[in-house]
There are 2 protein chains.
Amino acid sequence: MSENRSTILQISLELFARRGYEAVGIQEIVDSAGITKPTLYHYFGSKSGLLEILLKESFTPFLTRLADAARYSGDVTNTLQAVASYSLQFAGQNPSLFRFYLTTQVAPLDSEPYQAGKFIHLEQQRILQELFLKAAQDHGNMKGRHIAYAASFLGLVNTYALLAVNGEITSVDNLVNQVVHQFMHGIFS
Amino acid sequence: MSENRSTILQISLELFARRGYEAVGIQEIVDSAGITKPTLYHYFGSKSGLLEILLKESFTPFLTRLADAARYSGDVTNTLQAVASYSLQFAGQNPSLFRFYLTTQVAPLDSEPYQAGKFIHLEQQRILQELFLKAAQDHGNMKGRHIAYAASFLGLVNTYALLAVNGEITSVDNLVNQVVHQFMHGIFS
DNA sequence: AAGACAGTATACCGTTCGGTATACTTGGCT
DNA sequence: AGCCAAGTATACCGAACGGTATACTGTCTT
């Protein structure tokens, strides 16, 4: 049922990821999907509605599982490894989605992509800040830095994920360990 | 002489940074600048020409000085501090430019902003890879990782610079030390 | 059998897009 | 004075933009 709806979502994601949200027209989407405009407007109401639904449906399950992975177990390294592992795995399995998500995160604050993707990195930051806040109770030297830690850990994960997706890094097997280790102990050691 | 030219550059940067390259029309630029279309086309030839010249003129001096700061002196920490210091300083003094530069870096590969800004992060990566390559001669455990190191150091600097520009981080005084220390020794210690 | 409703297509709307042909003004040079 | 070239404005171009009014088709319910 409603095969056209999922076709539109899939095609538009591919186009948005490759050429950018603003550069892609409605006409181009419906042509690529083999349908017509009213069909798209029937399901999504507007171009920005399509964008919102696309991000919402793609990332709600991701965020739920990320919150599970980030539940602090008393071992910071283990928890961070779970977070990095799931994030990198998700990025590897959905390269177009991950690329597009990155563009929304850094897009201009007034742009539609940023506004539509805001909930994703707000929730990501909330999850990680909570993790580092709890961890700081066990590790005094981490106190008062949970915001910076959350941001820089996310930045590091995203950086390595982008390298992997771009094929600029070959061995992905121990990428998780590499990311977490670098975050915890730096490049020395 | 040619005050209009620099007005166009300044206004268009502000608009691109706030709303995104594709979302901003030529008409809007010339209206904001108080001039007309032919004037803009006289100086820049096209919208993409404006973008190219804008990035070229803004970042050529930045890259030159960055290369100076990144000259390896035998002390990795010192050199990285010089790089981070100059980068954060430049970002702080040109917040709009820095924001827009970040969007070009993560923009879709086929988009005009990415293509126009490609030379910047290619040169940044080249500079830092060279630095880490030379440093690896003194520090054996860094060998074979210069690509990942360059990427993740840049990612870390950009992450903190964005936090600072967004006002999510207050104390900027020891930000440089914080970035370099985290990169070298991790969050522990 | 009849109606309701979701889904889809044809054809069109006004607006804005990037870009330009043409002409006027201005300054400096000969 | 006469000319040239840079710089700027008026007015316009065809194409593409996001979006929609209307009508047709099927399927499912009653």
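Naming: A, B, ... by sequence-line order, numbering from 1 per chain.
- Between B:K37 and A:T39, the residue anchored closer to the 5' end of DNA chain C is A:T39, taking for each the nucleotide with the nearest heavy atom.
- Looking at heavy-atom distances under 4.0 Å, A:V24 makes contact with sugar-phosphate atoms alone, never a base.
- Ring centers of A:Y21 and A:F100: at least 6.0 Å apart, outside the cut-off.
- Taking the six-membered ring where the residue is Trp, the centroids of A:Y114 and A:H121 are separated by under 6.0 Å.
- No donor-acceptor pair under 3.5 Å is formed between the side chain of A:S58 and the backbone N or O of A:L55.
- Regarding B:E22, its CD atom lies at a distance of 16 Å from the P atom of D:dA16, rounded to whole Å.
- Listed pair A:S2 / C:dA6 fails the phosphate criterion, with no side-chain N or O lying under 4.0 Å from OP1 or OP2.
- When the nearest nucleotides of DNA chain D are assigned to A:P38 and A:I26 by heavy-atom distance, the more 5′-ward of the two goes with A:I26.
- The side chain of A:T36 lies closest to C:dT10, out of C:dG19, C:dA6, C:dT10.
- Judged purely by atom type and a 3.5 angstrom limit, A:T60 has no side-chain atom pairing as donor or acceptor with the backbone of A:E57.
- Protein atom CZ of B:F44 is 14 Å distant from nucleotide atom P of C:dG19, rounded to whole Å.
- No hydrogens or angles were tested; on distance alone, nothing pairs the side chain of A:K47 with the base of D:dG19 as donor and acceptor under 3.5 Å.
- When each of A:G34 and A:Q27 is assigned the nucleotide of DNA chain C bearing its nearest heavy atom, the one mapping closer to the 5' terminus is A:G34.
- Nearest-nucleotide positions on DNA chain D place A:A23 closer to the 5' end than the other of A:A23 and A:G45.
- Contact between the side-chain N/O atoms of B:N4 and the OP1/OP2 oxygens of D:dG7 is not found at any separation under 4.0 Å.
- Remark: side-chain polar atoms of B:N94 are not paired, donor with acceptor, to backbone N or O of B:L97 under 3.5 angstrom.
- Computed from coordinates, the A:L51 CG to D:dG18 C1' distance equals 15 Å when rounded to whole Å.
- Phosphate proximity of D:dT8 to B:Y43: present, with a side-chain N or O under 4.0 Å from OP1 or OP2.
- When the P atom of C:dA6 is taken as reference, atom CZ of A:R5 falls 15 Å away, rounded to whole Å.
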